[in-house]
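The structure under discussion appears below in the form of structure tokens.
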Amino acid sequence: MIIYRGRVFTPVSDPFVSGEQPAWAYFRGGYVAVERGKIVSIGDWKTRSERIAGETVDFGSESLLTPGFVDTHLHAPQVEMIGSFGGHLLEWLERYTFPTESRFADPEHARRVGSFLFRELLRNGTTAGMIFSTIHQEATDIFFEEAESAGFRGIIGKTMMDRNAPEYLLEDAEASYRGSKALIEKWGKHPTLRYAITPRFAPTSSPRQLELAGQLKKEHPECYVHSHVSENKAEVAWVHELFPDAPHYVGVYDHYGLLDSRTVLAHGVHLTDDEIALLAKRGGRVAHCPNSNLFLGSGLLPLRRLLEAGVLVGLGSDIGAGTTPSPFNAMADCYKVQQVRGDVLNPFQLWYLATLGGARVLSLDDRAGSLEPGKDADFLVLDLQATPMLEARTVHAESIEDLLAGLIFIGDDRVVRKTFVQGREVSRRI
Ligand code: GUN
Ligand code: ZN
């Protein structure tokens, strides 16, 4: 057993649900005891049980131990195009995204980007995430290998597209089905990696391709479904033209059997009440990507409406429309977007969305998302004095709520001193 000492903060339940208090635990002089990659116990060091004994690593009271962050939506191939400015979604895809993704036909390029990306995510404190690849089977295979070698808990999928994009990014529906299936067979039973059936979004898949994606889901019900929905008004109008018989955008995915509790749809900014009700009924989840929604000018998510309808929501960086992998930024932008909508979120709610809430969205909460006995030891050591500004802020923090607020709005990758996944140190600040 190894015992890590420091301040310890973890969400334990949903702070958006009143009456479920307390939704978090905090120990100023705390510890996390880890054995064979799992958390044995956490608590107050002074009042620990005698059974908590072993090698001790003390990070001191200027450190905060907290669960690894969960990024519920990002695009591996888009890291090198962050900040491509000027267009809204559909122009941005045509002008920058499709040409960038074409480069992943080259396995060496995929290897270089994959090797960088997973280490960069861990360095930022993200230990788990749901990830788009490109249409390329080999590049997707390489992303799986790189996630495995970095120690990242990834849910990854090969993008399915067979229309409304340049020829070089299209693949016929049958080939895309076969390529996805081969990857499911290779990676589907991995201990920490999972497969997501990944139609890019309704406009780039023909009805036949969506049908085959639904068939894959039937054949492999344990697989996730990862796509986009209702991000941008022009996109929504286009979906109505392309699928005139569907009741709405969410209804397209539902028609093809792509909607269940393993479905994660990015954005959902412009969802109607009917669509939200259908998502809730099927158990589908939404990845909220506030940085991307601001960057592309897509809109402001009605977060509270989704949560109140019973739809689970997590945070996503949506790299490369999002401009940073940092979960601190995702929390801060989430706060600001809701502020503009007139809805005030507190630090516990923001931290929950970025950790346990995200793990619930990805159905990983039996193993990750919080520091609780029996879960895998996926945790971070945050440095409360990482920068002069942060030090100035934390010195005056009057409560854990105030301390978390300081981290959310001032924090970035410099705060993350160490990252552990399954008890193994996978990243350390140099
Ligand atoms: N909708 C379809 N593809 C994409 C993408 O790559 N990024 C974003 N933000 N939205 C999309
Ligand atoms: Zn996206």
Side-chain angles (χ1 to χ4, degrees), residues 10-16 23-24 32 34 36-39 42 65-74 76 117-118 121-122 124-133 143-144 147-148 150-157 184 187-198 217 220-227 260-266 283-289 311-318 325 327 330-331 350-380 419-424 426-427:
T10 181
V12 292
S13 67
D14 185 349
F16 289 93
W24 46 271
V32 179
V34 177
R36 274 177 255 118
K38 296 215 175 273
I39 297 170
I42 74 159
L65 278 57
T66 190
F69 292 111
V70 179
D71 189 334
T72 60
H73 178 73
L74 70 140
L117 172 71
F118 295 106
L121 289 168
L122 292 167
N124 274 274
T126 300
T127 50
M130 194 171 212
I131 300 174
F132 261 74
S133 173
F143 289 143
F144 271 105
E148 180 181 54
F152 185 84
R153 208 184 272 283
I155 305 173
I156 305 172
I184 294 170
W187 294 101
K189 300 255 172 342
H190 193 278
T192 53
L193 302 171
R194 314 259 167 103
Y195 193 83
I197 298 161
T198 309
K217 174 67 186 171
H220 302 277
E222 74 289 358
C223 283
Y224 292 78
V225 173
H226 188 191
S227 192
D260 73 2
S261 61
R262 296 241 155 175
T263 303
V264 179
L265 300 177
R285 285 107 205 254
V286 166
H288 173 37
C289 310
V311 176
L312 297 188
V313 180
L315 293 181
S317 66
D318 194 24
M331 292 188 281
L350 294 164
W351 214 273
Y352 168 80
L353 289 174
T355 55
L356 183 56
R360 287 180 174 172
V361 163
L362 300 187
S363 302
L364 295 176
D365 51 308
D366 56 330
R367 310 188 62 176
S370 62
L371 305 179
E372 293 179 84
K375 286 200 180 184
D376 287 0
D378 292 10
F379 68 98
L380 311 173
T419 305
F420 291 83
V421 173
Q422 293 188 305
R424 191 165 71 85
V426 288
S427 180

Sequence neighbours left out, what passes side chain to side chain contact (heavy atoms under 4.5 Å, CB included) with Ala128? Give chain and number order.
-> Val70, Arg153, Leu364
Quick one: closest heavy-atom pair of Gly68 and Thr355, and the distance?
-> O-CG2, 4.0 Å
Test side chain to side chain contact (heavy atoms under 4.5 Å, CB included) applied to Ile39 - qualifying residues, sequence neighbours left out = Val32, Ile42, Leu371, Ala377
Strictly under 6.0 Å, is that where the ring centroids of Tyr195 and Trp187 end up?
-> no
Ring pair (Phe, Tyr, Trp, His ring centres under 6.0 Å) filter on Phe132, not counting sequence neighbours, yields His73, His75, His226, His228
Check for a donor-acceptor pair, side chain of Asp14 on one end and backbone N or O of Phe16 on the other, with a separation under 3.5 Å.
-> yes
Under the salt bridge (Lys or Arg N to Asp or Glu O under 4.0 Å) test, which residues partner Glu148, sequence neighbours left out?
-> none
Any side-chain heavy atom of Ile184 within less than 4.5 Å of one from Cys223?
-> yes
Any residue meeting salt bridge (Lys or Arg N to Asp or Glu O under 4.0 Å) with Asp260, in chain and number order, not counting sequence neighbours = Lys217
Could you pull out the closest heavy-atom pair between Thr72 and Ala287, with the gap in Å?
-> OG1-CB, 3.2 Å
Would you indicate whether the side-chain heavy atoms of Phe152 and Thr192 approach each other to under 4.5 Å?
-> no
Gap between atom CZ of Arg285 and atom CG of Leu312 - 0.5 Å precision = 4.5 Å
The ring pair (Phe, Tyr, Trp, His ring centres under 6.0 Å) partners of Tyr352 (sequence neighbours excluded) come to none
To the nearest 0.5 Å, how far apart are OG1 in Thr66 and CZ in Phe379?
-> 11.0 Å
Please report the shortest heavy-atom distance between Arg262 and Ser363, naming the atom on each side.
-> NH2-CB, 4.1 Å
Check side chain to side chain contact (heavy atoms under 4.5 Å, CB included) between Ser317 and all other residues, then give those that pass, not counting sequence neighbours.
-> Asp71, Leu74, Ile319
Is there a side-chain contact between Lys375 and Ser370 (heavy atoms, below 4.5 Å)?
-> yes
Sequence neighbours excluded, the answer for side-chain hydrogen bond (donor to acceptor under 3.5 Å, both in side chains) partners of Thr198 is none
Residues which pass salt bridge (Lys or Arg N to Asp or Glu O under 4.0 Å) with Arg194, listed by chain and number, not counting sequence neighbours | none
State which residues pass side chain to side chain contact (heavy atoms under 4.5 Å, CB included) with Thr419; sequence neighbours excluded, sorted by chain then number.
-> Leu122, Thr127, Leu380, Val416, Val426, Ser427
For the residue pair Ala359 and Gly369, what are the closest heavy atoms and their distance?
-> CB-CA, 3.7 Å
To the nearest 0.5 Å, how far apart are CG in Leu356 and OG in Ser13?
-> 8.0 Å
Hey, do the aromatic rings of Phe69 and Trp351 have their centres closer than 6.0 Å?
-> yes
Is any side-chain heavy atom of Ile131 less than 4.5 Å from a side-chain heavy atom of Ile155?
-> no
Residue set satisfying salt bridge (Lys or Arg N to Asp or Glu O under 4.0 Å) with Lys38, at least two apart, ordered chain then number -> Asp376
Determine the minimum heavy-atom distance between Val361 and Gly314, stating which atoms define it.
-> CG2-N, 3.4 Å
Which residues share a side-chain hydrogen bond (donor to acceptor under 3.5 Å, both in side chains) with Thr10, sequence neighbours left out = none
For the residue pair Met130 and Ala196, what are the closest heavy atoms and their distance?
-> CE-CB, 4.0 Å
